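Heads up, the thing below is written out as structure tokens.
Chain identifiers are assigned alphabetically (A, B, ...) following the order of the sequence lines, protein sequences preceding nucleic acid strands; residue numbering begins at 1 within each chain. Quick caveat, the model's predicted, so the values are computed rather than measured.
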Number of protein chains: 2
Amino acid sequence: MAKYRDIADQIRGKIISGEYTVGTKLPYEYVLCVNYHCNKETMKKALDILVKEGLIIRRRGAGTFVKETMLQENINPQFERSLTMRVQGKKEVTSQVVTFEVIPADCFLAEKMQIEEGDFIYHIIRNRSLDGEPYVKEITYIPLRMVPNLKINVLRHSLYDYILNQLHLRIQSCHINITSAPSTAAERDFFGLQKGEPYIQEERITYLTTGSILEYCLSRYHYAHYEFSTILVNS
Amino acid sequence: MAKYRDIADQIRGKIISGEYTVGTKLPYEYVLCVNYHCNKETMKKALDILVKEGLIIRRRGAGTFVKETMLQENINPQFERSLTMRVQGKKEVTSQVVTFEVIPADCFLAEKMQIEEGDFIYHIIRNRSLDGEPYVKEITYIPLRMVPNLKINVLRHSLYDYILNQLHLRIQSCHINITSAPSTAAERDFFGLQKGEPYIQEERITYLTTGSILEYCLSRYHYAHYEFSTILVNS
DNA sequence: GAGTGGTCTAGACCACATC
DNA sequence: ATGTGGTCTAGACCACTCT
């Protein structure tokens, strides 16, 4: 663990516990460096993490301030939470595999996944529920070569768990696009939507640390059950 | 302009123009440092910008690679674009001011905006259209003290333009939450939605560089006309 | 002018990937 | 073993804010 991450964790903890209170100024850089036994650049890296998380604001010439915000909502807007762990609590996830086949990529998919048209890919459709409640319909495309021997049993549990822990692949980033469109019969059946009611779709392209595209995935939600949070920080 | 931003701009340009081609390796750090006349840490800062933008991937022990992606979509996922400039092109924005009043903050708003209950705030509702087409219904709350003398005429044009260019306030960050809910009569009238059809809402808390909250804003869109893109990068 | 953050450098050392 | 990125330091200098 890098020192600057350690320091960020410690300072984040002090903000959450109220030791550095909302709206007030943090000790300035030099004092923090002495307290945490590090160099100025290292402290800047640590504090920049908290800036990106939306917890603090730094102003040249003025100081570093804890942001006025409802803390509980804004802690840990980390990558992991945004991805596989978003749906948590003590709820049980069940997955009904609707479709599991290998098809050649058409023009559209080839472009999205940056592969050749005709390359073989898995086409997977799963209806996923939380404690028996319909939650998300996931349409997933994965190049065959990424996961050569995928079994249907894996799909019934966690595909991500298999890819991360069994195949030891690591995710680098996701490109996400959120839109909405009128439901088709398939969504209406699963979510109990009325004709004309839309679903919300999260389109996601997932990259591995190798730079390859792992999957192109469309996650469709009942409009009333979807939520997405993010923090945009200027420059 | 910082040197590392300059370098990032130059390298981004070379990726877009195809001088550094998709899927291939960039020169390694030492060569880049010599080419761009900078130190290793400065080059890292430059390349980290491009990592956050989703253009490249860096792998310790392996190298730096241009990401396999459809470039045109992913260039410049900057803050500005995500905020006021998102709606652009050559379309004309018109704003009908539905409500413009000063009210005391209730409990809910006081918590969202981190002010005292009873503090006076502007309550603004605007129906905004693009080239005459209904686009977004914006419900905005702004503490009175942030913009002491707001005129209705400003609301008919650009509130952001006024705040940024006339008052010289600068935005530091936005906390965004995207949800959907069944439309009320007000949304149905404006968007031409049917009863039971939902809108998509972008809830936004906007912070200034001072750390103060500028506004709490709910932007409601016709579900078929909303789109939100972002890139999540691991650690 | 004093206080405070931002950037840049040179150099050292570490950690991981690939062969 | 070698190549490549990641982290850390000490110190210099710059840029902005506040009063």
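The side chain of Arg59(A) places no N or O atom within less than 4.0 Å of a non-bridging phosphate oxygen (OP1 or OP2) of dT4(C). When the side-chain nitrogen and oxygen atoms of Arg60(A) are compared with OP1 and OP2 of dG3(C), none of them lie within a distance under 4.0 Å. Using a 4.0 Å cut-off, some side-chain N or O of Lys44(A) falls inside it from OP1 or OP2 of dG6(C). The phosphate of dT4(C) has neither OP1 nor OP2 within less than 4.0 Å of any side-chain N or O from Thr64(A). The shortest distance between the side-chain N/O atoms of Arg58(B) and the OP1/OP2 oxygens of dC16(C) is not below 4.0 Å. The side chain of Thr42(B) contributes no N or O atom lying less than 4.0 Å from OP1 or OP2 of dT7(C). The side chain of Tyr4(A) contributes an N or O atom lying less than 4.0 Å from OP1 or OP2 of dT7(D).
Atom CD1 of Ile57(A) and atom C1' of dG6(C) are 17 Å apart (whole Å). Put simply, CD1 on Ile7(A) is 7 Å from P on dT9(D), counting in whole angstrom units. Atom C1' of nucleotide dG6(C) and atom CG of Asp48(A) are separated by 10 Å, given to the nearest angstrom. Summarising the geometry, the separation between CZ on Phe65(B) and C1' on dA17(C) is reported as 10 Å, rounded to the nearest angstrom.
The side-chain heavy atoms of Ile178(A) and Gln201(A), taken from C-beta on, include no pair separated by under 4.5 Å. A 4.5 Å side-chain heavy-atom check between Tyr160(A) and Glu215(A) finds at least one atom pair inside the cut-off.
Using cut-offs of 30° and 60° on the angle between ring planes, the pair Tyr221(B) and Tyr135(B) is perpendicular. Ring-plane geometry between Tyr141(A) and His123(A) is classed as parallel, the angle between the planes falling under 30 degrees on a 0 to 90 degree scale with a further cut at 60.
Nucleic acid contact for Lys3(B): sugar-phosphate only, since backbone atoms but no base atoms lie under 4.0 Å from a heavy atom of the residue. Heavy atoms of Tyr30(B) sit nowhere under 4.0 angstrom from any nucleic acid atom.
Nearest-nucleotide mapping onto DNA chain D: of His37(A) and Gly61(A), the residue sitting toward the 5' end is His37(A).
By the 4.0 Å N-to-carboxylate-O rule, Lys44(A) lies too far from Glu29(A) to be salt-bridged with it.
You'll find a donor-acceptor pair under 3.5 Å spanning the side chain of Lys40(A) and the base of dG6(C), going by distance alone.
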